[in-house]
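A note on names: the letters A, B, ... follow the listed sequences, proteins ahead of strands, and every chain is numbered from 1.
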Amino acid sequence: MIDIRYLRENSAEAEERLRTRGEGVDLQLFKELDSRRRDMLQEAESLKALRNRVSEEISKVKDKSLVQDKITEMRSVSQRIKEMDEELNQLEEKVTDFLMTIPNLPCITAPIGRSEDDNVELRKWGEIPSFTFQPKPHWEIGEELGILDFERGAKLTGARFTLYRDMGARLERALINFMLDIHTTDHKYTEMLPPFMVNRASMTGTGQLPKFQDDLFSVSDVEYFLIPTAEVPITNIHRDEILRKEDLPISYTAYTPCFRKEAGSYGKDTRGLIRQHQFNKVELVKFVHPSDSYQELGRLLENAEEILKRLNLPYRVVELCTGDMGFSAAKTYDIEVWLPGQSAYREISSCSNFEDFQARRAGIRFREHEKAKPEFVHTLNGSGLAVGRTLVAILENYQQSDGSVLIPEALQPYVGGMEKISCCL
RNA sequence: GGAGAGAUGGCCGAGCAGGUCGAAGGCGCUCGCCUGCUAAGCGAGUAUACUGGGAAACCGGUAUCGAGGGUUCGAAUCCCUCUCUCUCCGCCA
């Protein structure tokens with residue numbers, strides 16, 4: 001949520017900045033509703049002040065028959081208050097409903113652009129492997145090795161679900177442990193294992209709701225939603241809390257499965273592991289002091305990159321343009337890993353600074369000084385990394401001419417010292 | 001799933017035959033005093049949001065005792081619904 005005062009006082013500037021996202025927002029209606037609300041609020045509150053005063057007078061008189069006329073008068077005042085409160089509630093609801101659907105203001109340093117074509121490549125790392133044979137896409141490698149079973153995944157559930165078997169399952173599990181170990185031990189994040197379903201308030205806090213309900217799976221007998229990313233439960237850990245300044249920055253990491261409907265992506269990535277309804281991810285989340293947030297974003301990005309470096313997988317870092325950023329983000333860097341099967345870089349991590357957008361929605365604050373008013377923290381998060389896509393990158397980059405796949409050295413201790421995956425069938 | 005108890009400020013905890021209660025008392029914390037040091041003691045202060053005024057310091061109004069609704073001139077206190085927590089029984093990894 002954007003600061004309502006900012007929208008009130010700088011609506012032209014706000015409209016301009018939002019326009020760079022490709023989001024035409026008209027603040028005129030908002031301004032009207034907002035000022036009507038404030039006028040009415042004042043009126044209702046002065047009526048309440050009157051009622052409070054007179055009620056106190058009544059309480060001091062023993063013989064109520066002496067103040068019967070005041071009681072009668074207050075009866076109608078109360079009636080009026082009730083009517084105004086109802087109208088006020090409606091106005092307020094309209095205003096917050098509107099605010100909740102407005103995306104974050106892009107950071108002024110974010111490159112202006114319309115789509116991913118306008119993203120800016122910042123750096124590249126690693127050697128793109130060259131093959132003496134035609135490299136295969138991971139779904140072929142996985143099926144031939146007997147470690148990925150797409151057909152049975154579809155039988156069990158449906159499209160975009162995959163059964164990992166044997167070394168596939170083990171490799172996925174190894175990657176999760178590998179990533180968590182690095183982030184906890186070397187990068188000093190605190191590991192969390194959150195619920196995989198959350199309530200409406202949590203989804204609203206991080207920005208998935210109310211606007212993106214269509215992207216979420218939910219359960220039918222209670223109003224719980226399956227998390228699309230660990231960002232949701234982890235960021236909401238501190239919802240409605242005032243954190244101690246000394247505790248900032250707070251850094252959490254968590255492995256969770258993620259559930260996404262992927263509505264509107266019907267034709268895309270239909271084969272393989274790239275776009276699944278359920279996938280595993282290790283997430284990094286930080287709660288930071290507003291003055292440090294961009295520095296911390298840089299660190300978080302490096303922490304995510306570190307995983308690819310240790311696995312020796314080539315990647316590049318891209319800065320997203322205003323038109324390609326997510327709803328809640330002010331600034332986003334994507335890490336894209338090289339996939340020889342597609343001869344392309346594909347997103348494997350997205351690291352964002354939300355500034356105070358989520359903190360304001362979720363009520364996550366801190367105090368600058370003992371007596372200072374609480375302020376909103378800045379929240380950050382990034383994938384560290386998407387596990388399934390990391391497995392894809394390993395299969396495609398480490399594939400051998402005989403169909404086997406070498407296991408990156410750093411990962412070998414996590415698979416009992418095994419050096420390569422041969423056919424598991 | 002069955003039976004019962006509960007939810008009050010940073011924490012503990014009173015109030016609950018409706019009024020002077022944003023809420024006693026204690027603890028914690030902050031500042032000051034006192035004191036060889038420490039401990040103890042004394043005094044003052046110590047919620048949040050919205051809103052009006054003010055350059056600001058600050059001053060005023062409203063709301064908040066789990067959430068929402070109701071009764072009433074007036075609700076932490078009475079009534080209804082919901083959520084959560086705890087205890088016992090059952091079931092279960």
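When the side-chain nitrogen and oxygen atoms of A:Arg367 are compared with OP1 and OP2 of B:U48, one or more of them lie within a distance under 4.0 Å. The shortest distance between the side-chain N/O atoms of A:Arg365 and the OP1/OP2 oxygens of B:A49 is below 4.0 Å. Contact annotation: A:Arg38 does not reach the phosphate of B:C50 (side-chain N/O to OP1 or OP2, under 4.0 Å).
Rounded to whole angstrom, the span from the CG atom of A:Asp34 across to the C1' atom of B:G52 amounts to 14 Å. Atom-to-atom, CZ of A:Phe366 to C1' of B:G10 comes out at 18 Å; the value is rounded to the nearest Å. If you take CE of A:Met1 and P of B:A49, they are 13 Å apart, rounded to a whole angstrom. Per the geometry, CE belonging to A:Met40 stands 16 Å off C1' belonging to B:C50, to the nearest Å. Put simply, CG on A:Leu88 is 15 Å from C1' on B:A49, counting in whole angstrom units. Remark: P of B:G52 and CZ of A:Arg37 are 9 Å apart, rounded to the nearest angstrom.
Looking at A:Lys286 and A:Thr379, their side chains never bring a donor and an acceptor atom within 3.5 Å of each other. Side-chain contact, A:Asp215 with A:Gln208: no donor N or O sits under 3.5 Å from an acceptor N or O. Looking at A:Ser115 and A:Asp324, their side chains never bring a donor and an acceptor atom within 3.5 Å of each other. Side-chain atoms of A:Gln79 and A:Arg75 form no donor-acceptor pair, as typed in the model, at a separation below 3.5 Å. Side-chain atoms of A:Glu368 and A:His289 include a donor-acceptor pair closer than 3.5 Å. Between A:Glu396 and A:His138, the side chains place a donor N or O and an acceptor N or O closer than 3.5 Å (distance only, hydrogens not considered).
Contacts between residues 238-249 of chain A and RNA chain B, defined by a heavy-atom separation below 4.0 Å, involve no residue at all. RNA chain B is contacted by A:Ser78, A:Lys82 of residues 78-85 of chain A, taking any non-hydrogen atom closer than 4.0 Å. Contacts between residues 56-66 of chain A and RNA chain B, counted as heavy-atom distances below 4.0 Å, involve A:Ile58, A:Ser59, A:Lys64.
With both ends at atom P, the span from B:C59 to B:C16 equals 33 Å, rounded to whole Å. Going from the C1' atom of B:A23 to that of B:A63 covers 15 Å, rounded to whole Å. Separating the P atom of B:U83 from that of B:C92 is a span of 26 Å, rounded to the nearest Å. With both ends at atom C1', the span from B:G69 to B:A75 equals 14 Å, rounded to whole Å. For B:A47 and B:C11, the C1' atoms lie 13 Å apart once the distance is rounded to whole Å. A distance of about 25 Å separates the C1' atoms of B:A44 and B:A56, rounded to the whole Å. Atom P of B:G70 sits at a distance of 13 Å from the matching atom of B:U64, rounded to the whole Å. Using atom C1' as the reference point in both B:A93 and B:G4, the two lie 27 Å apart (nearest Å).
More than 12 heavy atoms of other residues, nucleotides or ligands sit less than 6.0 Å from atom CD of A:Glu83. More than 12 heavy-atom neighbours from other residues, nucleotides or ligands sit within 6.0 angstrom of CD on A:Glu13.
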Can you give one letter per nucleotide of nucleotides 57-68 of chain B, 5' to 3': B if a protein heavy atom sits under 4.0 Å from the base, S if only from the sugar-phosphate, - if neither? ----BBS-----
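Residues A:Arg75 and A:Arg8 both approach RNA chain B. Their nearest nucleotides, taken by heavy-atom distance, put A:Arg8 toward the 5′ side.
In this structure, the side chain of A:Thr235 does not engage the main chain of A:Val232 through any donor-acceptor pair within 3.5 Å. Counting only distance, with no hydrogens or angles, the side chain of A:Thr96 and the backbone of A:Glu92 share a donor-acceptor pair below 3.5 Å. In terms of modelled atom types and a separation under 3.5 Å, the side chain of A:Arg346 and the main chain of A:Leu339 share no donor-acceptor contact.
Residues A:Phe225 and A:Phe217 keep their aromatic ring centres 6.0 Å or farther apart.
Using a 30° and 60° split on the angle between ring planes, A:His187 and A:His183 fall in the tilted class, from 30° to 60°.
Under a 4.0 Å N-O distance rule, the pair A:Arg36/A:Glu32 does not qualify as a salt bridge. Ion pairing between A:Arg299 and A:Glu296 holds under the 4.0 Å rule for side-chain N and carboxylate O.
Among B:A49, B:U51, B:A47, the nucleotide with an atom closest to any side-chain atom of A:Lys373 is B:A49.
Sorted by first and then second residue, the ring-ring contact (aromatic ring centres under 6.0 Å, His included) pairs involving residues 147-174 of chain A (not counting sequence neighbours) are A:Phe161-A:His277.
One finds the CD atom of A:Glu15 at 8.0 Å from the CD atom of A:Gln28 (value rounded to the nearest 0.5 Å).
A cation-pi geometry, defined here as NZ or CZ lying under 6.0 Å from the six-membered ring centre and within 45° of its normal, does not hold between A:Lys281 and A:Tyr255.
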Dot-bracket summary - RNA chain B, pairs being Watson-Crick or G-U whose distances fall under 3.5 Å, with | when paired to another strand: ((((((((.[[[..)...(.....]]]((((((.......))))))(((((((....))))))).[[[[[..)....]]]]])))))))....
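The residue A:Arg360 sits apart from the nucleic acid: no heavy atom pair falls under 4.0 Å.
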